[in-house]
Undergrad: 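Take a look at this one; I'll ask things after.
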Amino acid sequence: MNSIFTAHPTLEEDVSQRAENLFQENRTRIFQRTDRLFVGLLLLQWVAGIIAAIWISPQTWAGAYSETHLHVWSAIFLGGLITFFPVSLVLICPGTTLTRHVIAISQMLTAALLIHLSGGRIETHFHIFGSLAFLACYRDWRVLISATIVVTLDHYIRGVFYPQSVFGILTASSWRVFEHAGWVIFEDVFLLITISQSLKEMRAAARHRAALERTNEIVEAEVKSRTDDLVLQAKELKISRERALAADRSKSEFLANMSHEIRTPMTAILGFTDLLLEKVEEKESVEAVRTVKHNGEYLMNLINDILDLSKIEAGKIEKEEIDCSVLEVVSDVVSLMRVRAAAKGFPLDVRFDGPIPEKIQSDPTRLRQILINIVGNAIKFTETGSVQIVTRLLNNTEEEPKLQFEIIDSGIGIPEHSIEKLFSAFTQADNSTTRQFGGTGLGLTISKRLVELLGGDISIESNVGKGSTFSVTVSTGPLKNVQLMHNVTVACIKTVDVKLPDDTVLPLDQRRVLLVEDGPDNQRLIGFVLKKAGAEVTLADNGQIGCELATAAKSKGHPFDVILMDMQMPILDGYAATQRLRETGYTQPIIALTAHAMASDRQKCIDAGCNDYATKPIDQKKLIKLVASYIDVPTEV
């Protein structure tokens, strides 16, 4: 398609102009939509500031006399003034440069006001980081500059003349200001990278759409002028149909691409955070890095949940119907969750009530996800007592057989009036639950949708203060000729875990690893992790270079022990590179690395010829264990 336009300068010029128009139209829509979102946010923050001021310091006293505290008036009038100008501009001239920068400045001033009203409490400083993330929705790096300047000036001026209002102490070192500014700039760097990547994708999408529009015009003109040539007409119609299908497929791939683009930078953030935790010794710095890691992991879980929920609601969720072992699924769940229960000081018990089928027809990945969500919830809301998983077969002759899992906990319980809303997205029993235990309220929503997908349902019985019982049923498929296992006990549950040798032993000592990865940050991170484990690491920036290096090493009689292959790369991606290597007879292990998080991605990698699959962000220990398992490193089971 591009060669056609290149050969015709006029067409190329038309496509370029149309692509630029589409890009600008899209940006304008984004600016206006984000402006409207900030109107609601600014008004909400104003109200929240007033409530906070009334709650924290409603009055000031002079002896026996009192009057409304200045903080309250500041929240009402100063907060109103800060909110008035951006709201007015959105109503008068939405989508303009002035409106964006006024919103950015007002958002930062609102953050400064909230910090002041709280007496400089550290929690309110996180409002700044959240605000920067929200402003990044504009996809305009200049807005971040305005916001950063306002934050820096505010912290500097108040840090000099009134440090208590910003840091919560009477005197503060000037370095304190630079420390806060440094964290803001740290976040700006990653946001600027994300904005830059997003703008490139928008331009590419606009170019693609403009090319499709222009191509469709050309095709229609040719078909109209050659109505007597039926063969050519059929060919052109087929081409048009394929293009339409390709456009439809691109919509389906949107969620997967979003997953990749968000998870790729998060890999570097979480990975280097782990490395910092190994090096940092100062107590405050350790706490700060742990905070970054905790919030990064929380963000990744939220992204995964939202992607799952979005795909379910779009009707794009996929499921398998294969023979799977009930015992293996329960074993996997217990293996993952028993450590979490032990950390809270109570057991995770397992009981099989009656005979269970050796195999059922279901989706083991989805079933495992459901049980992990519900068992994880039970552990989270239980402080003492126990959590128990009871498995039984419901084989009523009048209905199709079902497999039932009861997850019984002795936790806080759920009020009866709150049970109905448990399966609504972003909802928990009450707001205090989120504050105390955390979570987004998406886990149970996703679990219910997945259970229904597997031909079952979820029910709840609960007593406040005594605990809850979640009952999950899924279809077993036909049980004819399926062997039933009797007297299944806890002893049948085998939790297998490959343990690395002692820390003094390098688990990958002198093992040769080829890392095929196009991202410089991920090259440094994964390369560092592998070298720390003793491996000799060779880097390749794309699949084509990776194929050449792997083939050359094999021809010299010294093949790489394992290849770590990123699946999303320019020139030649990981799927094509793996297929090319397998076609040439390459038999060494290839492990896929990808930021895609959809259920079908693992199978896609396996189909391409990979031996295994690991998602980003990487878990350092799990990655080393995975690599070790494929290069015959001595391990303990």
Undergrad: To check you understand the geometry: which heavy-atom pair defines the closest contact between V516 and G546, and what is its length?
TA: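 Result for this residue pair: CG2-CA, 4.0 Å.
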
Undergrad: Less than 4.0 Å between a side-chain N and a carboxylate O, is that true for D332 and R368?
TA: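 So R368 pairs with D332 through a salt bridge.
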
Undergrad: Restricting to non-hydrogen atoms, name the atom on F346 and the atom on G385 that form the minimum distance, rounded to 0.1 Å.
TA: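 Where F346 meets G385 most closely, the heavy atoms are CB-O, 3.1 Å.
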
Undergrad: Side-chain contact test, heavy atoms from C-beta onward, threshold under 4.5 Å: evaluate it for R392 versus V390 and give yes or no.
TA: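 Contact flag for R392/V390 side chains = yes.
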
Undergrad: Do K448 side-chain atoms and I458 backbone N/O form a donor-acceptor pair below 3.5 Å?
TA: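 A pair under 3.5 Å: no.
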
Undergrad: Please list, chain by chain and in numerical order, all residues satisfying side chain to side chain donor-acceptor pair (under 3.5 Å) with E461, sequence neighbours excluded.
TA: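 If we apply the side chain to side chain donor-acceptor pair (under 3.5 Å) test to E461, skipping adjacent residues, there are no hits.
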
Undergrad: Which value, rounded to the nearest 0.5 Å, describes the distance between I370 atom CD1 and L450 atom CG?
TA: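 If I round to the nearest 0.5 Å, the distance is 5.0 Å.
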
Undergrad: Sub-3.5 Å donor-acceptor pair from the side chain of K344 to the main-chain atoms of T382, do we have one?
TA: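 Yes; at least one donor-acceptor contact below 3.5 Å.
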
Undergrad: Do you know which two heavy atoms are closest between M337 and I379, and how far apart they sit?
TA: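 Of all heavy-atom pairs spanning M337 and I379, the closest is O-CD1, 3.6 Å.
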
Undergrad: On a heavy-atom basis, which atom in M569 and which in G574 lie closest, and how many Å separate them?
TA: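 Taking M569 first and G574 second, the nearest heavy atoms are CE-N, 3.7 Å.
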
Undergrad: For a side chain to side chain contact (heavy atoms under 4.5 Å, CB included) check, start with the C-alpha distance between I591 and L626, then their side-chain angles and the critical distance, and finish with the verdict.
TA: CA-CA 9 Å; I591 299 174; L626 181 61; 3.7 Å; yes

Undergrad: Taking the side chain as every heavy atom from C-beta outward, state whether L514 and L564 have any atom pair closer than 4.5 Å.
TA: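 No, side chains not in contact.
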
Undergrad: Using only heavy-atom distances, determine whether the side chains of Q404 and S471 contain a donor-acceptor pair under 3.5 Å.
TA: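 Side chains of Q404 and S471: pair found under 3.5 Å.
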
Undergrad: Any idea which heavy atoms bring D561 and Q588 closest together, and the distance?
TA: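 Nearest pair, atom of D561 first, then Q588: O-NE2, 3.7 Å.
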
Undergrad: Spell out, as yes or no, whether a donor-acceptor pair under 3.5 Å connects the side chain of R139 to the backbone of I195.
TA: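 Checked: no pair found.
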
Undergrad: Could you measure the distance from the CG atom of N542 to the CD atom of E517? Nearest 0.5 Å is fine.
TA: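 One finds 11.0 Å between CG of N542 and CD of E517.
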
Undergrad: Got a sec, which residues hit ring-ring contact (aromatic ring centres under 6.0 Å, His included) with F190, two or more places apart in sequence or on another chain?
TA: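 For F190, the residues satisfying ring-ring contact (aromatic ring centres under 6.0 Å, His included) (neighbours in sequence not counted) are F186.
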
Undergrad: Evaluate the criterion side chain to side chain contact (heavy atoms under 4.5 Å, CB included) for residue pair N522 and D566; output intermediate values, then yes/no.
TA: CA-CA 10 Å; N522 286 327; D566 183 31; over 6 Å; no

Undergrad: Would a 4.5 Å heavy-atom cut-off, applied to side chains only, mark I563 and T578 as touching?
TA: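 Heavy-atom side-chain distance check fails, nothing below 4.5 Å.
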
Undergrad: For a quick test of your reading: what N or O donor-acceptor pairs under 3.5 Å do the side chains of residues 32-41 make, sequence neighbours left out?
TA:
residue, atom, partner, partner atom, Å
T34, OG1, I30, O, 2.7
D35, OD1, Y138, OH, 2.5
D35, OD2, G95, N, 2.6

Undergrad: Drop me the distance from L623's CG to I526's CD1, to the nearest 0.5 angstrom.
TA: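 The CG atom of L623 sits 7.0 Å away from the CD1 atom of I526.
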
Undergrad: Between S131 and H127, is any pair of side-chain heavy atoms under 4.5 Å apart?
TA: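 Yes - at least one pair of side-chain heavy atoms lies under 4.5 Å apart.
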
Undergrad: Assess, by modelled atom type and distance only, whether the side chains of D612 and Y630 contain a donor and an acceptor separated by less than 3.5 Å.
TA: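 Yes, a side-chain donor-acceptor pair sits under 3.5 Å.
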
Undergrad: Go through the steps to decide whether N373 and S447 satisfy the test side chain to side chain donor-acceptor pair (under 3.5 Å), and finish with yes or no.
TA: CA-CA 7 Å; N373 269 342; S447 296; 3.2 Å; yes

Undergrad: Please tell me if the side chains of E321 and D363 come closer than 4.5 Å, counting only heavy atoms from C-beta onward.
TA: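 No; the side chains remain at least 4.5 Å from each other.
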
Undergrad: Kindly indicate, with the supporting measurements, whether the criterion side chain to side chain contact (heavy atoms under 4.5 Å, CB included) is fulfilled by H486 and L484.
TA: CA-CA 6 Å; H486 297 266; L484 295 181; 4.2 Å; yes

Undergrad: I need the R366 CZ to L453 CG distance, nearest 0.5 Å.
TA: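 If I round to the nearest 0.5 Å, the distance is 7.5 Å.
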
Undergrad: Do P478 and Q361 have side chains that approach each other closer than 4.5 Å (heavy atoms only, starting at C-beta)?
TA: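 Answer yes - side chains close enough.
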
Undergrad: In the structure I gave you, are the side-chain heavy atoms of T469 and S462 within less than 4.5 Å of one another anywhere?
TA: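 Not touching, per the 4.5 Å side-chain cut-off.
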
Undergrad: Just by distance, do the side chain of T473 and the backbone of K402 share a donor-acceptor pair under 3.5 Å?
TA: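 Flag not set: sc T473 to bb K402 has no pair under 3.5 Å.
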
Undergrad: What are the two closest heavy atoms between P401 and L479, and how far apart are they?
TA: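 Taking P401 first and L479 second, the nearest heavy atoms are CB-CD1, 3.7 Å.
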
Undergrad: Assess whether atom OH of Y586 is packed by more than 12 heavy atoms of other residues, nucleotides or ligands within 6.0 Å.
TA: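 Yes.
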
Undergrad: Measuring from atom CG of L593 to atom SG of C610, what distance do you get when rounded to the nearest 0.5 angstrom?
TA: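 One finds 9.0 Å between CG of L593 and SG of C610.
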
Undergrad: Evaluate V334 against I389 for side chain to side chain contact (heavy atoms under 4.5 Å, CB included), listing each step before the verdict.
TA: CA-CA 9 Å; V334 172; I389 304 173; 4.2 Å; yes

Undergrad: Check whether any side-chain heavy atom of V474 lies under 4.5 Å from a side-chain heavy atom of L367, and answer yes or no.
TA: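 They are in side-chain contact.
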
Undergrad: What's the spacing between T391 OG1 and L327 CG if we round to 0.5 Å?
TA: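 The CG atom of L327 is 9.0 Å from OG1 of T391, to the nearest 0.5 Å.
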
